[in-house]
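In the text below, chain A, chain B and the rest are named by the order of the sequence lines, each starting its count at 1.
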Amino acid sequence: MLRLFNSLKREKETFRPLGEVVGIYTCGPSVYQYAHIGNFRTFIFEDILVRYLKFKGYQVKRVMNLTDIEDKAISTARKEGKTLWDLTGYHTKVFFEDMKTLNLLPADVFPKATDYIPDIIAIIKKLMENGYAYSGTDGSIYYDVSKFRGWGELSHLKLKAGKKKIKRDEWGEESAIISDFALWKSYEKEDGDVFWETELGKGRPGWHIECSAMCTKYLGTRFDMHIGGVDNIFPHHEAVIAQNFGAFGENPSRYWLHCRHLMVDGKKMSKSAGNFYTMRDLLDMGYEPMAIKYLLLSMNYRRRLNFTFEGLVDAGRKLEKMRNTIEMLKFSNGGDDAENMRKTMKNFERALDDNLNTGKALKIMEELTDEISRINPDRESGEKILGTYRFFDSILGLGFFKPS
RNA sequence: GCCAAGGUGGCGGAACGGCUACGCAAUCGCCUGCAGAGCGAUUCCAUUCCGGUUCGAAUCCGGACCUUGGCUCCA
């Protein structure tokens with residue numbers, strides 16, 4: 001029985017699907033710059049979750065959005081002298097390449113925000129009809145947070161509607177903890193040629209609305225899982241819930257799963273801090289993709305993982321050892337019997353059942369490898385052990401059996 | 001300020017009421033034309049602090065202290 005940590009309840013819950021097909025929506029990358037390996041921690045987690053669900057016999061429909069419009073994307077394009085479409089097109093391509101390099105299965109659908117303007121408009125209109133949205137004096141349309149009672153339920157923040165200010169001691173500055181957010185942003189000069197002429201006026205969608213539009217379009221108003229990094233919890237996911245509630249009367253997802261941050265030298269890895277590594281950074285340094293993946297899997301997704309080059313080297317070494325062992329097994333013809341495969345597979349499954357504990361799963365694989373390198377299995381056992389590795393690899397996707 | 005997570009050997013990290021993993025590093029062997037890899041063995045008074053519960057606590061309860069994350073850029 002698979003148990004998953006639901007951010008909504010802040011506890012592990014047994015997974016029970018809503019229907020025949022498990023619907024999964026993931027907040028994918030913002031395609032205006034290279035994704036960093038912290039981003040990929042989330043996508044790797046999600047990939048393994050999907051593979052595991054399929055192994056468990058579920059049918060899965062998986063949607064991963066590509067955010068191809070937002071303030072930063074527009075300003076980056078302008079800075080680099082490109083059109084928004086050139087910029088996001090290029091980074092979408094790179095993202096898909098990186099996914100492939102990490103042996104991640106593609107989602108069933110990769111919708112990008114700018115393809116769903118009519119759906120976005122429809123939801124905003126619904127929100128206005130239902131009294132959850134209003135036109136601002138600047139011509140933009142805003143969500144009226146005071147109308148939504150569930151505001152703050154996911155982030156567990158005591159969010160109050162209005163313009164109330166709280167003091168943030170750390171920065172010694174005042175900041176509004178809450179305000180209404182834009183659903184539709186009216187046109188400004190800085191937007192250049194990025195706008196749509198619509199019945200809501202000339203402008204572009206706000207940051208959160210595209211997820212409401214696309215998840216509803218492909219998975220309906222109520223589906224199984226919504227996945228993202230913890231930094232999406234507030235405000236993004238909180239806003240998505242508010243939007244869906246305002247438009248359709250319910251929280252769109254039953255489980256909200258959030259991957260914790262990847263740290264570098266004890267600090268959060270993020271684009272804003274500038275302390276991040278992209279896939280190509282690491283590949284250019286000579287590290288292999290599967291070692292990166294191995295390292296990212298070495299810790300349960302609900303715990304913070306500190307990225308170090310030492311850890312990366314170590315991961316590569318472990319991987320190499322497994323590859324050697326698998327190679328050796330292909331020609332094994334010793335006299336030793338290896339019969340506890342079933343127990344090993346069971347333990348592996350138990351580790352993943354417990355909130356997808358990939359760190360523990362890897363450890364089980366390491367222990368198996370250690371054990372085998374000490375004996376000389378006979379032909380039949382060798383085959384059995386290879387089968388076990390195949391099973392592990394079908395879920396972890398470490399490329400042990402890729403045709404070379 | 002509010003809400004969370006966590007503090008285990010030189011380092012990384014399991015265990016989560018009793019038998020104190022494992023990996024790296026270090027030392028010594030075996031293997032090897034050399035090197036690497038591998039295998040075996042050995043070493044290290046490790047559970048932040050103070051109370052409490054218990055026959056017994058790293059593990060449970062209270063209280064300190066420290067670190068990290070979130071509080072409208074973010075996976």
Side-chain angles (χ1 to χ4, degrees), chain A residues 5 7 10 26-30 32-33 35-46 64-65 67 70-73 75-76 95 143 145 151-152 154-160 165-172 174-182 206-208 227-239 257-276 295-296 298-308 310-315 317-318 320-321 323-325 327-328 351 357 359-360 362-364 366-367 369-370 372-376:
Chain A
F5 185 90
S7 302
R10 272 191 181 160
T26 307
C27 284
S30 293
Y32 67 89
Q33 62 177 196
H36 58 65
I37 55 172
N39 300 134
F40 280 109
R41 185 184 190 196
T42 301
F43 304 138
I44 289 172
F45 152 64
E46 192 230 352
M64 181 186 278
N65 84 294
T67 304
E70 55 160 316
D71 294 359
K72 280 209 171 170
S75 67
T76 302
F95 177 70
Y143 188 98
V145 169
W151 185 243
L154 178 71
S155 55
H156 300 93
L157 295 172
K158 288 175 200 146
L159 303 173
K160 290 186 197 146
K165 307 228 171 192
I166 60 145
K167 194 171 180 219
R168 286 194 201 170
D169 294 349
E170 279 178 79
W171 299 294
E174 300 244 323
S175 169
I177 194 171
I178 179 153
S179 66
D180 296 345
F181 56 90
W207 170 30
H208 314 292
I227 299 175
V230 285
D231 45 7
N232 275 149
I233 293 174
F234 188 86
H236 184 56
H237 288 164
E238 202 72 72
L257 310 180
H258 295 101
C259 185
R260 268 205 219 282
H261 286 306
L262 185 60
M263 319 287 280
V264 177
D265 300 324
K267 297 282 177 194
K268 185 178 109 172
M269 176 186 285
S270 77
K271 288 176 186 172
S272 51
N275 61 341
F276 62 87
L295 177 62
L296 295 179
S298 65
M299 178 90 77
N300 175 308
Y301 77 97
R302 283 299 303 168
R303 302 201 57 184
R304 293 193 194 101
L305 169 57
N306 195 24
F307 174 88
T308 61
E310 210 176 39
L312 187 53
V313 170
D314 193 44
R317 221 176 273 146
K318 286 174 178 166
E320 190 56 31
K321 186 170 171 181
R323 291 201 191 105
N324 289 340
T325 302
E327 233 12 70
M328 184 271 280
N357 193 342
K360 206 166 185 177
L362 287 182
K363 207 178 85 183
I364 287 161
E366 285 163 19
E367 278 168 3
T369 306
D370 272 350
I372 288 162
S373 57
R374 255 179 252 121
I375 62 171
N376 192 4

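The CG-C1' distance, from A:L295 to B:rC24, rounds to 14 Å in whole Å. Protein atom CZ of A:R317 is 7 Å distant from nucleotide atom P of B:rC24, rounded to whole Å. Taking atom CE of residue A:M263 and atom C1' of nucleotide B:rG70, one finds them 12 Å apart after rounding to whole Å. One can place CH2 of A:W151 at 11 Å from P of B:rU72, the figure rounded to the nearest angstrom. As rounded to whole Å, 11 Å separates atom P of B:rC74 from atom NE2 of A:H237. Rounded to whole Å, atom P of B:rC74 lies 20 Å from atom CD1 of A:I37. Atom CD in A:E366 sits roughly 11 Å away from atom C1' in B:rA14 (whole-Å rounding). Look at CG on A:D370: it is 13 Å from C1' on B:rC24, rounded to the nearest Å.
Take the nearest nucleotide of RNA chain B for A:E70 and for A:T369: the residue whose nucleotide is more 5' is A:T369. When each of A:F181 and A:L262 is assigned the nucleotide of RNA chain B bearing its nearest heavy atom, the one mapping closer to the 5' terminus is A:F181.
Nucleotides B:rC71 and B:rA37 have their P atoms positioned 44 Å apart, rounded to a whole Å. Spacing between B:rU68 and B:rC60 at atom P, rounded to whole Å, works out to 24 Å. With C1' as the reference atom, B:rG29 and B:rC11 are 26 Å apart, rounded to whole Å. Rounded to the nearest Å, the gap between the P atom of B:rG62 and that of B:rA41 is 44 Å. Between B:rU43 and B:rA5, the distance separating the two P atoms is 39 Å to the nearest Å. On the C1' atoms, B:rG38 is 33 Å away from B:rC45, given to the nearest whole Å. Going from the C1' atom of B:rC50 to that of B:rG12 covers 29 Å, rounded to whole Å. Rounded to whole Å, the C1' atom of B:rG13 lies 8 Å from the corresponding atom of B:rC22.
Nucleotide B:rG36 forms a pair with no other nucleotide shown, judged by Watson-Crick or G-U wobble geometry with both contacts under 3.5 Å. The partner of B:rC31 cannot be assigned: no Watson-Crick or G-U wobble pair with both contacts below 3.5 Å exists in any strand. In this entry B:rC24 has B:rG10 as its Watson-Crick or G-U wobble partner, both defining distances falling under 3.5 Å. With both pairing distances under 3.5 Å, B:rC16 is matched to nothing as a Watson-Crick or G-U wobble pair. Base-pair partner of B:rG69: B:rC3 (Watson-Crick or G-U wobble, both distances under 3.5 Å). Pairing for B:rA58 is absent, judged as Watson-Crick or G-U wobble with the two contacts each under 3.5 Å.
In this structure, A:T308 reaches neither bases nor backbone, as no heavy-atom distance under 4.0 Å exists between it and the strands shown. Within 4.0 Å (heavy atoms only), A:D231 reaches at least one base atom of the nucleic acid. Within 4.0 Å of A:K321, counting heavy atoms only, lie sugar-phosphate atoms of the nucleic acid but no base atom. Heavy atoms of A:I233 sit nowhere under 4.0 angstrom from any nucleic acid atom. Across all strands, A:H36 comes closer than 4.0 Å to base atoms (heavy-atom distances). Using a 4.0 Å heavy-atom distance criterion, A:G38 is classed as a base contact.
Contact annotation: the side chain of A:H258 approaches that of A:L154 to within less than 4.5 Å [non-hydrogen atoms, C-beta and beyond]. In this structure, the side chains of A:N300 and A:K360 stay at 4.5 Å or more apart for every pair of heavy atoms. Two residues are said to be in side-chain contact when any heavy atoms from C-beta on lie closer than 4.5 Å; A:F95 and A:F43 meet this criterion. Side-chain contact between A:K271 and A:N39 is present, with heavy atoms from C-beta onward closer than 4.5 Å.
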Completion exercise
Nucleotide by nucleotide, nucleotides 3-13 of chain B touches protein heavy atoms under 4.0 Å in the pattern (B base, S sugar-phosphate only, - none) SSB--------
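Taking 4.0 angstrom as the limit, A:K72 places none of its side-chain polar atoms (N or O) nearer than this to OP1 or OP2 of B:rC74.
A side-chain donor-acceptor contact under 3.5 Å links A:S30 and A:E70.
By the salt bridge (charged side-chain N to carboxylate O under 4.0 Å, His left out) test, A:D370 is found to be paired with A:K321, residues two or more places apart in sequence or in another chain being considered.
Side chain of A:K268, nearest nucleotide from B:rU72, B:rG70, B:rG23: B:rG70. Picking from B:rA15, B:rG69, B:rG23 the nucleotide with the shortest atom distance to the side chain of A:K318 gives B:rG23.
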Exercise for the section: Test salt bridge (charged side-chain N to carboxylate O under 4.0 Å, His left out) on A:K363 and A:E366 and set out the steps. Expected result: CA-CA 5 Å; A:K363 207 178 85 183; A:E366 285 163 19; over 6 Å; no
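The two atoms that bring A:T42 and A:C259 nearest to each other are OG1-CB, 3.5 Å, heavy atoms only.
A:H36 and A:F276 have tilted rings, their planes meeting at an angle from 30° to 60° on a 0 to 90° scale. Using a 30° and 60° split on the angle between ring planes, A:H236 and A:W207 fall in the parallel class, below 30°.
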